[in-house]
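These notes are about the structure you will find just below.
What's counted below: heavy atoms across the whole structure, side chains too, no hydrogens, waters or symmetry copies. The sequence lines fix the lettering, A, B, ..., with proteins before strands; numbering per chain opens at 1.
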Number of protein chains: 2
Amino acid sequence: MPAALIPKEEVLARLLEVFREYGYEGASLAVLSEATGLGRSSLYHHFPGGKEEMATSVLAYLDGLLKQALYAPLETMASPNKKLGAMLAVLDEVYDGGTKACLLERLCASAGRPVIGGPLRRSFELWLTAFETLGVDAGIPRAVARSRAEDALGRIEGALVVGAGTGNKRVFARALKDVRATLLANKETVAS
Amino acid sequence: MPAALIPKEEVLARLLEVFREYGYEGASLAVLSEATGLGRSSLYHHFPGGKEEMATSVLAYLDGLLKQALYAPLETMASPNKKLGAMLAVLDEVYDGGTKACLLERLCASAGRPVIGGPLRRSFELWLTAFETLGVDAGIPRAVARSRAEDALGRIEGALVVGAGTGNKRVFARALKDVRATLLANKETVAS
DNA sequence: GTCTATATAATGATAGAC
DNA sequence: GTCTATCATTATATAGAC
């Protein structure tokens with residue numbers, strides 16, 4: 001039997017790129033095949049469940065990346081603020097300064113498919129829980145930390161959307177800066 | 001010749017609903033046909049350019065809705081704050097409290113198609129300019145008003161994404177509240 | 001302006017050789 | 001584990017009757 005052309009993790013990484021650029025419906029097997037360098041049959045060998053299994057496997061692979069990017073910093077001895085800085089630095093890199101789309105957002109249009117919607121929601125929750133946990137670590141009441149986490153993720157996702165629609169990267173840079181300043185802050189807004 | 005079953009504006013409204021739920025690639029002619037009650041050939045009679053023309057026509061139709069929702073309030077005599085309240089009230093209704101997706105976001109995955117990307121960017125700009133103009137009306141320097149407009153639209157889009165992925169509507173409600181409080185404010189963030 | 005019927009291409013998915 | 005060849009289905013799009 002022929003040796004694997006590329007490691008399975010590399011296959012997943014390339015599939016991820018396609019799904020996050022084109023979404024689920026837009027990611028045709030032709031494109032997925034070209035991106036991985038594997039023929040259709042090879043893809044079906046790795047993912048007997050077809051395109052849906054490719055998408056769910058990619059979501060599981062993303063969960064691993066999220067754990068690296070968001071949960072690894074949580075387990076260090078650094079201050080909550082430093083941990084947040086580490087998380088946001090990785091996100092800035094992953095989204096290439098706001099020029100690359102988010103897989104979670106691109107899959108939302110296909111959340112109606114049960115095999116997508118379930119894992120998708122779990123990936124959202126994984127991210128939210130990381131932010132929430134960081135807030136709790138910083139001494140913020142859990143309910144508040146949870147709301148802040150949702151708002152922070154919303155800021156990031158929305159900045160990527162506006163960036164994709166307008167080509168403006170500064171929105172994303174400001175979003176990261178704002179999350180940096182507000183997620184853990186004892187803040188109040190003062191009108192003058 | 002048979003009479004039109006429904007006015008063209010109603011056709012556009014129904015096409016809009018499909019595109020904003022499923023995105024461009026996910027909106028098949030079968031679904032578009034069913035949603036409008038028109039056969040394929042009737043759709044091609046109205047939109048000779050096929051699905052791409054349906055999408056661009058829907059974007060143009062959305063521009064009209066945006067002008068109603070965002071520019072009509074601008075031309076009233078009310079205070080900037082009242083105008084903002086009117087805008088956000090319409091948005092809250094249009095997105096059904098955060099349960100309906102935004103067409104602009106759902107089309108971003110297909111922005112690579114030139115016929116989509118151009119009009120899409122123009123629709124984003126239309127929205128941003130409305131928010132920016134309101135800020136300028138309120139006495140905010142244009143550059144600041146522009147940034148605030150981008151951030152506000154980002155907050156709204158991101159809240160819809162998080163809402164779609166998690167099923168949580170409160171994110172959207174808080175986003176509207178935050179835009180209400182920050183778009184026109186003389187604000188500063190105070191850490192205590 | 002709408003319909004039925006059809007053309008043509010692309011899609012997701014399989015079978016079987018190596 | 002990968003390939004070529006092919007399947008059935010769905011997709012977009014057209015032709016022509018009424």
Return all side-chain donor-acceptor pairs below 3.5 angstrom for residues 100-116 of chain B, not counting sequence neighbours, or 'none' if the list is empty.
| unit_1 | atom_1 | unit_2 | atom_2 | d |
| --- | --- | --- | --- | --- |
| B:R106 | NH1 | B:E21 | O | 3.0 |
| B:S110 | OG | B:E25 | OE2 | 3.2 |
| B:R113 | NE | B:E25 | OE2 | 3.4 |
| B:R113 | NH1 | B:E52 | OE2 | 3.2 |
| B:R113 | NH2 | B:E25 | OE1 | 3.4 |

Is the closest side-chain heavy-atom distance between A:K82 and A:T76 below 4.5 Å? no
When A:R40 and A:H46 are each assigned the nearest nucleotide of DNA chain D, the 5'-most assignment goes to A:H46
Please examine the side chains of A:L32 and A:L29, heavy atoms only from C-beta on, and report whether any two atoms are closer than 4.5 Å. yes
Note: contacts of residues 26-34 of chain B with DNA chain D (heavy atom, under 4.0 Å) are B:A27, B:S28, B:L29
For atom OH of A:Y44 and atom P of C:dG12, their distance in whole Å: 7 Å
Any salt bridge between A:E125 and A:R146, counting N to O under 4.0 Å? yes
Flag the pair A:V11 / A:I6 as yes when at least one side-chain heavy-atom distance between them is below 4.5 Å, and no otherwise. yes
If the cut-off is 4.0 Å, is B:S42 near the phosphate of C:dC3, judged by side-chain N/O to OP1 or OP2? yes
Distance in angstrom units between A:E25 CD and D:dA11 P, rounded: 10 Å
Residues touching DNA chain D, which here means a heavy atom under 4.0 Å, drawn from residues 50-62 of chain A: none
From CG of B:L38 across to P of C:dT4 the rounded distance in Å is 12 Å
Kindly say if A:S41 contacts the phosphate of D:dC3, meaning a side-chain N or O under 4.0 Å from OP1 or OP2. no
Please tabulate, for side-chain N and O atoms in residues 63-75 of chain A, each donor-acceptor pair with protein atoms closer than 3.5 Å (sequence neighbours left out).
| unit_1 | atom_1 | unit_2 | atom_2 | d |
| --- | --- | --- | --- | --- |
| A:D63 | OD1 | A:S123 | OG | 2.8 |
| A:Y71 | OH | A:L126 | O | 2.6 |
| A:Y71 | OH | A:A130 | N | 3.3 |

With side chains defined as the heavy atoms from C-beta onward, is the minimum distance between A:L134 and A:M87 less than 4.5 Å? yes
Working to the nearest 0.5 Å, report the span between CG of A:L183 and CZ of A:R155. 12.0 Å
Between D:dT2 (P) and A:L43 (CG): distance, integer Å: 9 Å
If you compare every side-chain N and O of A:H45 against the phosphate oxygens of D:dT2 (OP1, OP2), does one of them come in below 4.0 Å? no
Would you work out how much the helix from C:dG1-D:dC18 to C:dC18-D:dG1 bends between its ends, with each end axis defined by five base pairs, to 10 degrees? 0°
Sequence neighbours excluded, which residues qualify as salt bridge (Lys or Arg N to Asp or Glu O under 4.0 Å) partners of B:R14? B:E10
Spacing of CG belonging to B:N168 relative to CZ belonging to A:R121, to within rounding of 0.5 Å: 9.0 Å
Quick check: do B:R20 and B:Y95 have side-chain heavy atoms less than 4.5 Å from each other? yes
Write down the distance between CZ (B:F47) and P (C:dT2), rounded to a whole number of angstrom. 11 Å
